[in-house]
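Quick notes on the structure that follows.
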Amino acid sequence: MNTTIRALLGATALTATAFSATAETLTIATVNNGDMIRMQGLTDDFTAKTGHEVEWVTLEENVLRQRVTTDISTKGGAFDIMTIGMYETPIWGANGWLVPLDDLSEDYDVDDILPAMAGGLSHEGTLYAAPFYGESSMIMYRTDLMEKAGLEMPQSPTWDFIREAAAAMTDRENDINGICLRGKAGWGEGGALITAMSNSFGARWFDMDWNAQFDTEAWANTLNFYKGMMDESGPAGYATNGFNENLSLFQQGKCGMWIDATVAASFVTNPDDSTVADSVGFALAPNTGLGKNANWLWAWALAIPAGTQKEAAAKQFIEWATSKSYIDLVAENEGWANVPPGARTSLYENPNYMEVPFAQMTLDSILSADPNNPTVDPVPYVGVQFAAIPEFAGIATEVSQEFSAAYAGQQTVEEALEKAQAITNDAMEAAGYR
């Protein structure tokens with residue numbers, strides 16, 4: 001298709017079906033995070049522009065991953081659009097399971113997508129999912145409690161400082177936990193946090209010959225530090241807390257610090273939802289002085305499974321939901337602090353958004369994550385909080401279950417690491433890596 005025709009088609013893409021008989025009903029699977037819930041509330045705008053209706057299947061993060069993976073690998077056809085991330089997209093694109101997004105309209109401006117996001121959502125240079133929002137992870141902390149503790153948060157703190165500050169801010173009598181971190185099983189839940197943390201401690205999942213590395217001092221240091229700090233200063237039941245549970249605790253004023261997705265910043269600073277909205281500060285994820293911060297890189301993105309009968313309508317929705325115009329729509333309705341972050345370069349050049357207190361720290365965190373060199377020692381995989389191989393999700397889910405059991409006191413850290421080593425090496429051998 002030549003450029004002129006593509007541009008003409010793109011310019012009319014969102015209005016061509018408004019009153020036609022070809023209006024579709026799209027079924028979209030998504031995660032139950034706040035930005036996606038907000039998107040659902042704005043889809044009347046999409047229907048008004050295109051005539052297409054939308055049916056949402058909204059699922060908890062672990063359940064979403066299981067459902068969409070099963071559906072696409074079995075060609076189930078349950079969804080016209082799936083919410084997936086940087087782990088799945090290149091693998092599924094290489095398998096031919098996703099529709100290439102190589103013909104989006106000129107108005108959409110695909111070149112405006114942040115390179116870190118476009119790269120992670122592509123295979124061999126072809127985009128297979130469009131980022132709804134992009135994120136890294138960072139420290140969100142109570143400035144009032146930090147001041148009360150007589151401490152000052154560095155812009156790039158060490159883990160030792162974080163543990164000291166967590167202990168100083170903990171007030172059990174008033175139900176204030178010095179720190180809240182994910183412990184919930186699941187490769188993208190507690191597994192993501194502990195993997196990113198392990199990078200900063202000098203650990204890695206595999207050596208260059210795909211041998212598991214859980215029998216190392218670096219991994220023992222990571223898990224022992226995490227468990228020690230959380231037992232001292234974390235909430236009861238932290239072994240079952242994920243993103244949403246910790247978000248709720250922080251908004252209720254029950255966390256001194258929370259290290260998690262940068263996208264949470266808009267929710268903890270929103271006075272309609274957060275009791276501590278006026279006393280939240282931000283800093284880079286911690287390090288141990290080895291040159292790696294404990295932050296990840298991720299995008300929740302929209303993709304179209306190959307074989308859908310509604311490809312054209314699905315592309316229209318993706319263009320609507322991940323466009324500059326959608327950002328303007330959210331800003332108009334919810335304010336600039338609540339627009340989907342981390343996906344487009346132009347957002348960080350917008351004077352309105354530059355005034356948002358967490359905007360620059362979010363961008364700095366995203367830019368500091370390096371999926372091509374995620375660890376202190378070399379590794380044969382790409383990915384910060386995951387290894388971009390098909391087997392990883394299954395292996396890491398099992399490993400994270402063993403870690404969560406250790407957090408809960410059901411086994412020792414040493415036992416969890418020993419099991420992780422065996423689980424990982426057995427799976428890699430069965431898959432032919434070793």
Side-chain angles (χ1 to χ4, degrees), residues 31 33-36 83-90 109-122 127 129-141 153-157 182 188 192-193 195-197 199-200 243 247 258-269 280-287 291-302 322-324 326-327 330 336-350 352-375 382-386 388:
V31 67
N33 289 351
D35 283 285
M36 279 66 174
T83 304
I84 61 175
M86 285 187 167
Y87 169 67
E88 300 94 345
T89 302
D109 191 7
V110 71
D111 292 335
D112 186 48
I113 296 174
L114 278 168
M117 299 301 153
L121 296 170
S122 298
L127 191 72
F132 181 66
Y133 68 73
E135 67 179 40
S136 183
S137 52
M138 66 182 177
I139 305 167
M140 294 159 276
Y141 68 96
M153 176 70 80
Q155 184 172 347
S156 183
R182 301 185 192 190
L193 183 282
T195 297
M197 183 174 175
N199 293 340
S200 70
F243 174 84
L247 171 61
W258 179 32
I259 303 170
D260 212 300
T262 52
V263 72
S266 68
F267 300 108
V268 298
T269 56
V280 182
F282 307 95
L284 291 173
N287 65 78
K292 297 293 179 183
N293 290 346
N295 60 309
W296 62 66
L297 186 67
W298 186 254
W300 278 118
L302 302 178
T322 65
S323 65
K324 298 176 189 177
Y326 178 83
I327 290 174
V330 175
W336 279 101
N338 294 309
V339 304
R344 286 186 169 270
T345 300
S346 57
L347 179 62
Y348 293 91
E349 298 169 347
N350 186 311
N352 295 305
Y353 196 68
M354 290 167 68
E355 295 179 4
V356 173
F358 50 82
Q360 189 61 49
M361 185 59 69
T362 295
L363 183 61
D364 290 346
S365 298
I366 288 172
L367 295 178
S368 72
D370 185 357
N372 293 313
N373 298 283
T375 53
V382 171
V384 181
Q385 75 280 24
F386 58 84

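Side-chain atoms are counted along with the backbone in the values below, which use heavy atoms only and exclude waters and symmetry mates. Here, residue 1 is the first one in the sequence, and each next residue gets the next number.
Atom CD in Gln385 sits 6.5 Å away from atom CH2 in Trp298 (nearest 0.5 Å). Note that OH of Tyr326 and CZ of Phe132 are 4.0 Å apart. Values are rounded to the nearest 0.5 Å. Rounding to the nearest 0.5 Å gives a distance of 8.5 Å between OG1 of Thr89 and CG of Leu127. With rounding to the nearest 0.5 Å, the separation of CD in Gln360 from CG in Leu367 is 8.5 Å. Atom CE in Met140 sits 10.5 Å away from atom CZ in Phe358 (nearest 0.5 Å). Here Ile139 contributes atom CD1 and Ile259 contributes atom CD1; the two are 5.0 Å apart, rounded to the nearest 0.5 Å.
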*Would you check, one step at a time, whether the test side-chain contact (heavy atoms from CB on, under 4.5 Å) holds for Ile327 with Trp336?*
CA-CA 8 Å; Ile327 290 174; Trp336 279 101; 3.8 Å; yes
*May I have the step-by-step check of side-chain contact (heavy atoms from CB on, under 4.5 Å) for Phe267 and Leu247, ending in yes or no?*
CA-CA 8 Å; Phe267 300 108; Leu247 171 61; 3.9 Å; yes
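Of all heavy-atom pairs between Ser266 and Ala337, the closest is CB-O, 3.0 Å. Residues Pro340 and Val330 share a closest heavy-atom pair of CD-CG2, 4.3 Å. Residues Gly120 and Pro90 come closest through the heavy atom pair O-CG, 3.5 Å. Across every non-hydrogen atom of Met117 and Ala343, the tightest pair is CG-CA, 4.4 Å. Between Met153 and Ala283, the closest heavy-atom pair is CG-CB, 3.7 Å. Counting all heavy atoms, side chain and backbone alike, Pro115 lies closest to Thr345 at CD-OG1, 4.3 Å.
You'll find the side chain of Tyr353 reaches within 4.5 Å of the side chain of Pro341, heavy atoms only. At a threshold of 4.5 Å between non-hydrogen side-chain atoms, the residues Met361 and Gln155 count as touching. Residues Pro131 and Thr322 have side chains not in contact (no heavy-atom distance under 4.5 Å, counting atoms from C-beta outward). Counting heavy atoms from C-beta on, the side chains of Asn199 and Val384 come closer than 4.5 Å.
A donor atom on one side chain and an acceptor atom on the other are found under 3.5 Å apart for Asn295 and Ser136. Residues Asn33 and Asp35 bring no donor and acceptor atom of their side chains to less than 3.5 Å of each other. At a cut-off of 3.5 Å, with distance as the only test, no side-chain donor of Trp300 or Glu135 sits close to an acceptor on the other residue.
Without hydrogens or angle criteria, Glu355 side chain to Asn352 main chain gives no donor-acceptor distance under 3.5 Å. Formation of a donor-acceptor pair under 3.5 Å by the Lys292 side chain with backbone atoms of Asn373 is found in this model. Within the 3.5 Å criterion, the main-chain N or O of Ser365 finds a donor-acceptor partner in the side chain of Ser368.
With respect to Met138, the side chain to side chain contact (heavy atoms under 4.5 Å, CB included) criterion is satisfied by exactly one of Leu284, Ile366, Asn293, Thr262: Thr262.
Legend: salt bridge (Lys or Arg N to Asp or Glu O under 4.0 Å) pairs involving residues 111-121, not counting sequence neighbours, sorted by first then second residue: Asp112-Arg344.
Using cut-offs of 30° and 60° for the angle between ring planes, the Phe243 and Trp258 rings count as tilted.
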